[in-house]
Amino acid sequence: MISTIIFTILSLTLLGLILAWILYLVAQKFKVQEDPRIDNVEEVLPGANCGGCGFAGCRAFAEACVKAEDLDTLFCPVGGNDTMKSVAGCLGMTVAEKAKQVAVIRCNGNCDVREKVNHYDGYSSCAVMASLYAGDTGCKYGCLGQGDCVTVCNFDAIKMDPRTGLPEVDEDKCTACGACVKACPKSIIELRNMGPKNRRIFVSCVNKDKGGVAKKACDVACIGCYKCVKACPFDAITITDNLAYIDYNKCKLCRKCVTECPTHAIWEVNFPVRVPRKTESEKNEQ
Amino acid sequence: MSKTFSIGGIHPHDHKISINAAIEDFPIMDMAYISVSQHLGAPAEPVVAKGDKVKTGQLVAKSTGFISANIHSSVSGTVTSIEMLPDIFGHLVKHIVIKVEGDEWEESIDRTAQIVREIKLSPKEIIERIAQHGVVGLGGAAFPTHIKLTPPPNKKAEYLLVNGSECEPYLTSDYRIMLEEPEQILIGVKIMMKALGVEASFFGIEENKPEAIKIMSRLASASYPEIKIVSLKKRYPQGGEKQLIDAILKRRVPSMGLPIDTGVVVQNVGTALAVYEAVQKNKPLFEGIVTVTGECMSEQRNFRLRVGTNLERVMFAIGGFPKDAVKLISGGPMMGKAVSRMDAASVKSTSAFLLLTQEETKRGEEGSCIRCAKCVDACPMGLEPYLLNRLSRAGRLEELEENMVHDCIECGCCMYSCPANIPLVDTIRFSKAQVIKIIRSRPKK
Amino acid sequence: MKKLLVSPAPHLHGKESTRGLMRDVIIALSPSLLVSIYFFGFSAIKLAFVGVITCVLVEYVIQKYITKSKVCVNDYSAALTGLLLALNLPPSSPWWIMLIGSIVAIGVAKMSFGGLGQNVFNPALVGRVFLLVSFPVIMTDWSIPSSWFRAGADATTGATPLAIVKEGLSNGLTMDQIFAENNFSYLEMLFSKIGGSVGEVSILALLLGLAYLLIRKVIRPHIPVTIIATVVVFSGIFWVLDPSHYPDPLFNLLTGGILLGAIFMATDYVTSPMSSRGMIIYGIGIGVITVLIRNFGAYPEGISFAILIMNATVPLLNKYFKPAKFGKEVKNG
């Protein structure tokens, strides 16, 4: 009995040793010569394999970083500046700091202000819906609300708001990888600078129709009235095809355009609540 | 013995309830909205301007580019504007808006009822005349007919196949013209045969239209022996080009190929009539037979409808939009397009307006795939819709190409037969478009 | 203005539903169930009842509280699994065996793979094989419980004809001797074989179910026909070579649940191939493995194992045996 056990243990140990030795030889023989720095760089990357950097995955990005002369054109949106600093550290290079970005939804046509003109009853995908027809509201530029951006988000940062029927970005979770920007068939989502104190101002509309048509389809559409352009002291706003666009590099967050916009298409985010100005009558009362 | 295609197919209830409604002229509207993009290919360029007087049948937009077609006014009156208006999908398309004043036709159009049997024009002249009069395929895709009748120089047409199968449920416009204008259709077929230089033609009609088979066979055997009437089994999608060729000639169009690769050109019955009118009567294509039908309606109609008629007006003519109806389809229920807005206008290839109730058309709740293989059995192209659907949702385009997603004819058989109500065609159609784009972008060998 | 409904084509949909298909299979099983109630009385009812209720309950609980997905027990698929399992057990099985089998069938074989449409192996068969391996004594006790209708008739038979043959052959008897000893009658097997699981008591009732499934186009004939043909041909070869040691094809066909397996278990949508060619190879595989197990294996019957083994090959069959494409390799003229 005991001898059986001992024999088993011995023979298995021997077998294990022989196989380990064979494995070692094979591993030596077929060893792939690879720059060890690739592993080091990959180590510091987030490992989400989201493709936000423009490469197939984190490994591909790491290879590109190692090959690159400088890191100016390479950026990992998920890891941000900290990660890029670590990458630069691994490779003995320096890297310029980039402004943190966030995805913004440029459509605020919720159920109340943008009336449905028909009902969609097909596969729940914006891409499929957009390839079929112009959409279930009068606005053919706006959000279709089927949530392709939600599906593609690797970071759980976009959710459909059932109240408005529009997607909402969680700015703490958003890494600005750009997956939603690519997924949106209507090109509504844009990556914009996070802004100081996370404050930013943008036109929450992509309707290129003439004012009357746009307004008829949606109460909060940009009608291309130029009021914001005139109000802006920094020349940050331009209008092309009846649609205003705020250049986030020029915008100084003065908030003048927001109050000017007659349709409330310009949004301000994370600003303190305004103290309502006293009207003439209130002043008289005092 | 009736013929049919070899694989797949379904047998939906045919609902041909408008079969006994004779064709009636639709009353002329006050305003016509004529789209410049009524065909496959490049939109036509308007040749009239605001304020111009136009006559019925006058050229209003000229074809641009190789695949394009002329467009003619369907009414007489004054052009009030040329503006971007929504089509049935809500996309903005350039429309020529004409205020109707009377109904004065171009003098060159022969408006008599007399049948012109003698084909005087040469093949080249025939094709020119067809192009000039803006004839497009009326089977659904609206492909310009003159291009289809001009095979590429290295390919030769052997047979002309005429599709009178009308395999889509509900539709009866083709049936009505076969009943009411059979000889004109046969002359149209003869004209196309002359243009193509083919000796024989097969004319397929499904068995559920015995009256049409009888009339057409009698006429063909008496006066047009080169046209053979073929009785087909009732089966959807018999009228698909590839299926029709398979059914009648037992030839198979190769993947990504065209019917001409098997020496065949397929034309629709309606197109044959349009060709007859264009060539023999000098009448451009500006009106067509449109079935207006639906189980929810008390009356079924077959109208001769001018192009550019507002849909609301059509609904008004049938006594208003039926209360129970929820969906308006332009075309048949299997491949037709759902209309998203009523302020759009009819186009050349409009063959029907079908009204369906919630109960008839509403999609069931999607369940999980039980791999019953009903979609595989139903697919007339021998594809595996369940697999294509799964790959489409994952966006795996390479595997989709391996599994021949580009062969899909979007007939809807798979989705019709799916017991779990999976929107197979929605996802497959979308990925098919992507795959075809990739295939086309590759350099040719 | 009326708000229209917009969706991509097609706008018409067939009347078939998952629920309807499952219901059809249950209807097709009902003749066999009725016959077994006639023969086995309350025990058949008890098994079917416990099976259906347990399967539905287990699926409900898992969907509602564990996976927290949509509850879809109303598609009858769980009920069908329970019924099939009941029909695959010996009539004298106690109710708790049925309970354990159902929990394994739904909980392990179906829901742990992701529910309806995701499982690799036929749940009812996994349940049955689990019970067969875990409780071999109970699962091979073929004594016949008393029935209301047949009180006292043919009181007990200890084993199925197949088990008798296996036993006899291992004791050195020839087929003729075994047949003579036990008074086997093909006619009796066809109408009301005694000794066997609940569902296989009457071959005729099973064939009635097959006819119903084929007429309603619930299944295609490929799988049952190839299984039956393969069993007949393959066991026929052995029989021709040595009739004294191998049972004849007809005997093989009428015993040991070949028909129950071929008609109801092998044709399970989820675990069978999608294309006709795949179905035929799948059927041949089941037939060959069954005959091999019967003639050379330890178990007297073998279709359950054969089906489970072939279930595992289905993904491969789906990959390599695709339907003939319309436009591929075209030969004209």
(request) Tell me whether the guanidinium CZ or amine NZ of C/R19 lies under 6.0 angstrom from the six-membered ring centre of C/Y76 and within 45° of its axis. (result) yes
(request) Could you tell me which residues in residues 112-119 of chain C have at least one non-hydrogen atom under 4.5 Å from a non-hydrogen atom of chain B, sorted by residue number? (result) C/L116, C/G117, C/Q118, C/N119
(request) Specify the closest pair of heavy atoms between C/I307 and C/G261, including all atoms of both residues, with the distance to one decimal. (result) CD1-O, 3.8 Å
(message) Using a 4.5 angstrom heavy-atom cutoff, name the option from B/Q358, B/K362, B/M415, B/M381 with the most pairs to chain C.
(response) B/M381
(request) Answer with side chain, backbone, both or neither: which region of B/K337 has an atom nearer than 4.5 Å to a non-hydrogen atom of chain C? (result) backbone
(message) So which residue, B/S417, B/S6, B/C413, B/G412, ends up with the most heavy-atom pairs under 4.5 Å with chain C?
(response) B/G412
(message) Under a 3.5 Å distance rule, please check whether B/D246 uses its side chain to pair with a backbone N or O of B/K242 as donor and acceptor.
(response) no
(request) Check whether B/P12 gets within reach of chain C through its side chain, its backbone, both or neither, counting any heavy atom under 4.5 Å. (result) neither
(message) Using a 4.5 angstrom heavy-atom cutoff, name the option from B/F321, B/F89, B/F5 with the most pairs to chain C.
(response) B/F321
(request) Can you tell which part of C/K15 gets under 4.5 Å to a heavy atom of chain B, answering side chain, backbone, both or neither? (result) neither
(request) Please check if atom NZ in B/K156 has more than 12 non-hydrogen atoms from other residues, nucleotides or ligands closer than 6.0 Å. (result) yes
(message) Could you check whether B/E365 pairs with C/K70 (Lys NZ or Arg NE/NH1/NH2 to Asp/Glu carboxylate O, under 4.0 Å)?
(response) yes
(request) Tell me, for B/Y170 versus chain C, whether the close heavy atoms (under 4.5 Å) come from the side chain, the backbone, both or neither. (result) side chain
(request) Quick one: which of C/L4, C/N318, C/D75 has the most heavy-atom pairs under 4.5 Å with chain B, could you say? (result) C/L4
(message) Between B/K16 (side chain only) and B/L171 (backbone N and O only), is there a donor and an acceptor less than 3.5 Å apart?
(response) yes
(request) Please determine, among B/L356, B/V339, B/D377, the option with the most heavy-atom pairs under 4.5 Å with chain C. (result) B/D377
(request) Evaluate the side-chain hydrogen bond (donor to acceptor under 3.5 Å, both in side chains) criterion for residues B/T427 and B/S392: first the C-alpha distance (whole Å), next the side-chain angles of each, then the deciding distance (0.1 Å), finally the verdict. (result) CA-CA 6 Å; B/T427 57; B/S392 301; 4.5 Å; no
(message) For B/H15 and B/E295, which I'm curious about, is there any donor-acceptor pair between the side chains at under 3.5 Å?
(response) yes
(request) Can you tell which part of B/L387 gets under 4.5 Å to a heavy atom of chain C, answering side chain, backbone, both or neither? (result) side chain
(request) Flag the pair B/R341 and B/D343 as a salt bridge only when some basic side-chain nitrogen lies within less than 4.0 angstrom of an acidic carboxylate oxygen. (result) yes
(request) Check whether NZ of the Lys or CZ of the Arg B/R371 lies under 6.0 Å from the centre of the six-membered ring of B/Y386 and within 45 degrees of that ring's axis. (result) no
(message) Any side-chain to backbone donor/acceptor pair from C/T313 onto C/L316? Under 3.5 Å, distance only.
(response) no
(message) Counting only non-hydrogen atoms closer than 4.5 Å, does B/C418 touch chain C with its backbone (N, CA, C, O), its side chain (CB onward), both, or neither?
(response) backbone
(request) Go through the atoms of B/C369 and report whether side chain, backbone, both or neither lie under 4.5 Å from a heavy atom of chain C. (result) backbone
(message) Below 4.5 Å, heavy-atom pairs only: which of C/T267, C/L12, C/V6 has the largest tally toward chain B?
(response) C/L12
(message) Counting only non-hydrogen atoms closer than 4.5 Å, does B/E168 touch chain C with its backbone (N, CA, C, O), its side chain (CB onward), both, or neither?
(response) neither
(message) Can a donor-acceptor pair be found, under 3.5 Å and without considering hydrogens, that links the side chain of B/N310 to the backbone of B/E312?
(response) yes
(request) Return yes if some donor-acceptor pair links the side-chain N/O of B/R235 with the main-chain N/O of B/G8 below 3.5 Å, else return no. (result) yes
(request) For the pair B/R251 and B/E158, find out whether any cationic side-chain nitrogen is under 4.0 Å from an anionic carboxylate oxygen. (result) yes
(message) Using modelled atom types and a 3.5 Å cut-off, is there a donor and acceptor pairing between side-chain atoms of C/T81 and backbone atoms of C/A124?
(response) no
(request) Answer yes or no: is there an ion pair linking B/D426 with B/R363, defined by an N-O contact shorter than 4.0 Å? (result) yes
(request) Can you tell which part of B/V425 gets under 4.5 Å to a heavy atom of chain C, answering side chain, backbone, both or neither? (result) side chain
(message) For B/I329, which atoms come within 4.5 Å of any heavy atom of chain C: side chain, backbone, both, or neither?
(response) side chain
(request) For chain C, find which of B/L328, B/I10, B/N403 contributes the most heavy-atom pairs closer than 4.5 angstrom. (result) B/N403
(request) Select, from B/H13, B/M256, B/K327, the one with the greatest count of heavy-atom pairs under 4.5 Å involving chain C. (result) B/K327
(message) So for B/P423, is it side chain, backbone, both, or neither that comes closer than 4.5 Å to the heavy atoms of chain C?
(response) neither
(request) For B/E410 and B/K432, run salt bridge (Lys or Arg N to Asp or Glu O under 4.0 Å): C-alpha distance rounded to whole Å, both residues' side-chain angles, the deciding distance at 0.1 Å, then the answer. (result) CA-CA 9 Å; B/E410 301 175 24; B/K432 172 192 162 187; 3.1 Å; yes
(request) Give me the contact list for residues 211-221 of chain C versus chain B, heavy atoms only, anything under 4.5 Å, ordered by residue number. (result) C/K217, C/V218, C/R220
(message) Taking B/T357's backbone N and O only, do any of them form a donor-acceptor pair with B/T361's side chain (distance below 3.5 Å, no angle check)?
(response) no
(message) Tell me if a side-chain donor or acceptor on C/N311 pairs with a main-chain N or O of C/T271 at a distance below 3.5 Å.
(response) yes
(message) Which atoms of B/I7 are under 4.5 Å from chain C, going by heavy atoms: the side chain, the backbone, both sets, or neither?
(response) side chain
